[in-house]
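Quick notes on the structure that follows.
First the proteins, then the strands, lettered A, B, ... as listed; each starts at 1.
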There are 4 protein chains.
Amino acid sequence: MDPILSSIKDQELVEKRRNQMIKGAMTLFKEKGFHRTTTREIAKASGFSIGTLYEYIRTKEDVLFLVCDSIYQQVSERLEAQIDLNNSSVDHFKNAIRSYFRLMDEMQEEVLIMYQEVKSLEKEIKEYVLQKERDMVSMLERVISTCFPGSISQRDRELLANNIFIQGQMWGFRRWMLQKQFTLEEYMDRQIHFLMSSITASE
Amino acid sequence: MDPILSSIKDQELVEKRRNQMIKGAMTLFKEKGFHRTTTREIAKASGFSIGTLYEYIRTKEDVLFLVCDSIYQQVSERLEAQIDLNNSSVDHFKNAIRSYFRLMDEMQEEVLIMYQEVKSLEKEIKEYVLQKERDMVSMLERVISTCFPGSISQRDRELLANNIFIQGQMWGFRRWMLQKQFTLEEYMDRQIHFLMSSITASE
Amino acid sequence: MDPILSSIKDQELVEKRRNQMIKGAMTLFKEKGFHRTTTREIAKASGFSIGTLYEYIRTKEDVLFLVCDSIYQQVSERLEAQIDLNNSSVDHFKNAIRSYFRLMDEMQEEVLIMYQEVKSLEKEIKEYVLQKERDMVSMLERVISTCFPGSISQRDRELLANNIFIQGQMWGFRRWMLQKQFTLEEYMDRQIHFLMSSITASE
Amino acid sequence: MDPILSSIKDQELVEKRRNQMIKGAMTLFKEKGFHRTTTREIAKASGFSIGTLYEYIRTKEDVLFLVCDSIYQQVSERLEAQIDLNNSSVDHFKNAIRSYFRLMDEMQEEVLIMYQEVKSLEKEIKEYVLQKERDMVSMLERVISTCFPGSISQRDRELLANNIFIQGQMWGFRRWMLQKQFTLEEYMDRQIHFLMSSITASE
DNA sequence: CATGAATGAGTATTCATTCAT
DNA sequence: AATGAATGAATACTCATTCAT
């Protein structure tokens, strides 16, 4: 599904140009945020003229959507690649969480963008993006279900998945606080340690 | 410390006008965010003219700072009021966490503002605000130290304090996800339950 | 009635600035038409900045309305001043028509603006302007009624008033055709001559 | 004479494409006027691409010219078809006027376009169009000459022809005023009645 | 102290036109 | 001949900030 209209017919070209746009805009949004970035700057950073930019989107908000969507897409894909729902070992659980934390570490800046700009999106489009977030939490939840079948209640699984989810994000957007005290490895170790106690306590 | 300059001499008046401003601006920021709110709207919502507004601040960002500062002030004060560092019982710990969660529930919208707009602040001013956040995490940390003296390491205390801190915030800014599944009481119960296992595991 | 909103409170100032605007815009509209005139040009021709312009109007169309309204106002006032509904002599009728024709001669360019741009106005505002035109035709109709009481039917009076009305306008906006062949005096003489025959024929 | 250059050699094709263009553009101009219609819309309404459009014209104004020219062409042709300069009866005169009025009734919208957009044309092209209008007035004048030979002066004939001409147009572009009061038949009857008195008075 | 009129740099967006394919 | 992607000048409108009263 692609809710952003373009007046260009060649779909491959649309894809290509939009990727340029996303790349250019992402850099700018990281630097100065969505509101302080102008459409001209986006066009320039994307390597084409302002007129061309508007052949591929209708409003500046469309760019924000494309950027947000692309971030989720990346995160989802990479997360999905790390998760094997046929492997129900505790080690696989730990590895999956570690993968997720590492992913969040690599994508710190992108995730920060999301946190700060999503609320600027139009209602409908926002809903679409939030759904993606729900999907990701669901993935974490499913890993829990797979690796700890049986005794954890549905709601506890949901809650724990949410906790994991934001602990990963926290590593990125609270780096000014955490990254003075912990290396990523240390952070992961301790969080997973606590998590395991919680899970054990839940069973 | 009050880093915002005003051309008005009468300090009491400055305080009064700024409180009007904070109240007016907060409402607007909740509705439409900082960037979409104009200084004229702020002046109007505050009950005075645009000229008067600029007698008490120098830039629009100053308003954002005042609002953010005020939010932290409120949260800090209320949190501090609930914490008794002489009481080292586990029950007091649980009650303190509950108080904090309830506080976050009441101040959902204010906390959301902070999350989304702080990065718009100037570096120096941002630092000042982030320090406030550190202070609050420290308060939570001290409660942990007090109620679970001995075996938890300094870093584990820090990490747990951070976890509590963001779980409180999460209740507010992820309400679209959590508040469909949990009532506040349920959320608090389960989070505290998990927390206790983590603490026990840490000792 | 003044349907154009301004953010300026001082009503006298609003009036003054709008008169500046009307004067500046009228010159530009005569030269190049509404669509080819930019708001910046209007501001400059009015003697203030673009920002100030927009303190007194909301959209460019508002300027068009103000200009159109002002033209009708002038025409109406001057026409009204020439008509004496207590004088029922045929000479007064002829003089009234002459006055109207002379007025149209003086205001050729303004009338041309009206003809070409009114359709650009929004529906509601257009209706307001068209009503003014109806009022003017009514004035002519009343002169006919006064000076030729009795036998002319209501509809004939209306039709004749319309004919007079557009014959006056025609002198202005078909000057490229008529003013090579006729002086204003000649034109008036002949039109009034034909008019009198029509009226006589109608009685 | 065809003052609009095209880069296409095949004259028949040029004609065909331009007719498509005129048809498409006319619809759009009626709806929203020349200035509010984009070249892309014209291309689309004409059934070909924007690139193709520009193979047959050089500027957007060219389209306006083609449309205006086509309207006059149609009106001229149809008027000419109704006039028989060998028939000098008064009835033929009346019939000719009636034909013209009916024509104006059918072509109300087209005539309205002309009235409002001609001034947007470049000087030279405008002159060309105005000449067409002169030709049409001449045709009416010749009917008068033919049916009322003798005593009417040249200038009176011209003036009367102009009066008829604009009374016809008036029916269209003042329909909001006239068509509430008159049916076309009534309007024609009365106007011809008045006209006959004027002519009689002139002889 | 308070007011609000004035300012103009800044911004998103449009659209006529070109030109390589 | 036909296409449609690319261009960028142009434009309406906004809004933070100033300053005379």
Item to check | Derivation of the side chain to side chain contact (heavy atoms under 4.5 Å, CB included) call for C/Leu64 and C/Leu121 | outcome: CA-CA 8 Å; C/Leu64 179 55; C/Leu121 290 169; 3.8 Å; yes
Separation of [X] atom [atom1] from [N] atom [atom2], in whole Å?
X	N	atom1	atom2	result
C/Tyr54	E/dG8	OH	C1'	14 Å
A/Lys60	E/dT13	NZ	P	8 Å
B/Arg17	E/dA2	CZ	C1'	9 Å
A/Glu61	E/dT11	CD	C1'	15 Å
B/Lys9	E/dA2	NZ	C1'	16 Å
D/Lys44	E/dC15	NZ	P	14 Å
A/Leu28	E/dA12	CG	P	12 Å
B/Phe48	E/dT3	CZ	C1'	12 Å

Checklist outcome for this item: The answer to which of D/Tyr56 and A/Asp10 contacts DNA chain F further toward the 5' end, by nearest nucleotide, is D/Tyr56
Next on the checklist: I'd like to know if D/Arg40 pairs up with A/Glu55 as an ion pair, taking the criterion as any Lys NZ or Arg NE/NH1/NH2 lying under 4.0 Å from an Asp or Glu carboxylate oxygen.
Outcome noted: yes
Item to check | B/Lys32 with B/Glu41: basic N within carboxylate O range, under 4.0 Å | outcome: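 So B/Lys32 pairs with B/Glu41 through a salt bridge.
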Checklist entry - Should B/Thr52 be listed as having a side-chain N or O under 4.0 Å from OP1 or OP2 of E/dA2? => result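 For B/Thr52, the contact criterion (side-chain N or O under 4.0 Å from OP1 or OP2 of E/dA2) is not met.
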Next on the checklist: Categorize B/Ile8 for me: base, sugar-phosphate, or nothing, with a 4.0 angstrom heavy-atom threshold over every strand shown.
Outcome noted: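 Counting heavy atoms under 4.0 Å across all strands, the contact made by B/Ile8 is with sugar-phosphate only.
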Checklist entry - NA contact type, D/Ser7, heavy-atom cut-off 4.0 Å: base, sugar-phosphate, or nothing? => result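 The residue D/Ser7 makes no contact with any strand.
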Next on the checklist: I'd like to know whether D/Met26 forms a side chain to side chain contact (heavy atoms under 4.5 Å, CB included) with D/Ile71, so could you lay out the CA-CA distance, the side-chain angles of the two residues, the decisive distance to 0.1 Å, and finally the verdict.
Outcome noted: CA-CA 9 Å; D/Met26 192 103 77; D/Ile71 295 172; 3.8 Å; yes
Item to check | For chain A, the stretch of DNA chain F it reaches, first to last nucleotide, under 4.0 Å of its heavy atoms | outcome: F/dG4 to F/dA10
Next on the checklist: Given D/Arg18, which partner from the list D/Ser46, D/Ser70, D/Ser6 fulfils the side-chain contact (heavy atoms from CB on, under 4.5 Å) test?
Outcome noted: D/Ser6
Checklist entry - Just one of B/Thr37, B/Thr27, B/Ile22 clears the side-chain contact (heavy atoms from CB on, under 4.5 Å) bar with B/Ile42, so which one? => result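 When B/Thr37, B/Thr27, B/Ile22 are each tested with B/Ile42, the side-chain contact (heavy atoms from CB on, under 4.5 Å) holds only for B/Thr37.
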Say whether, by atom type as modelled, one donor and one acceptor occur between the side chain of [X] and the main chain of [Y] under 3.5 angstrom.
X	Y	result
B/Glu117	B/Phe34	yes
C/Asp62	C/Arg58	yes
C/Arg36	C/Phe29	no
C/Lys30	C/Leu112	no

Next on the checklist: Go through it in stages, so that I can follow the logic: the residues are A/Leu66 and A/Ile57, the test is side chain to side chain contact (heavy atoms under 4.5 Å, CB included), and I'd like the CA-CA distance, side-chain angles, deciding distance and then a yes or no.
Outcome noted: CA-CA 9 Å; A/Leu66 289 173; A/Ile57 51 158; 4.0 Å; yes
Checklist entry - DNA chain E: C/Ile50 or B/Ile50, which has the more 5' nearest nucleotide? => result B/Ile50
Next on the checklist: Are there runs of at least three consecutive Watson-Crick or G-U pairs touching DNA chain F, with each pair's two distances under 3.5 angstrom? Give them by first number.
Outcome noted: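 So far as stems of 3 or more pairs are concerned, DNA chain F shows E:2-21 with F:2-21.
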Checklist entry - Where does the angle between the aromatic ring planes of A/Tyr115 and B/Phe173 fall among parallel (under 30°), tilted (30 to 60°) and perpendicular (over 60°)? => result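 Perpendicular: the ring planes of A/Tyr115 and B/Phe173 meet at over 60°.
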Checklist outcome for this item: Residues in residues 30-42 of chain B with a heavy atom under 4.0 Å of DNA chain F, by number, are B/Thr37, B/Thr38, B/Thr39, B/Arg40
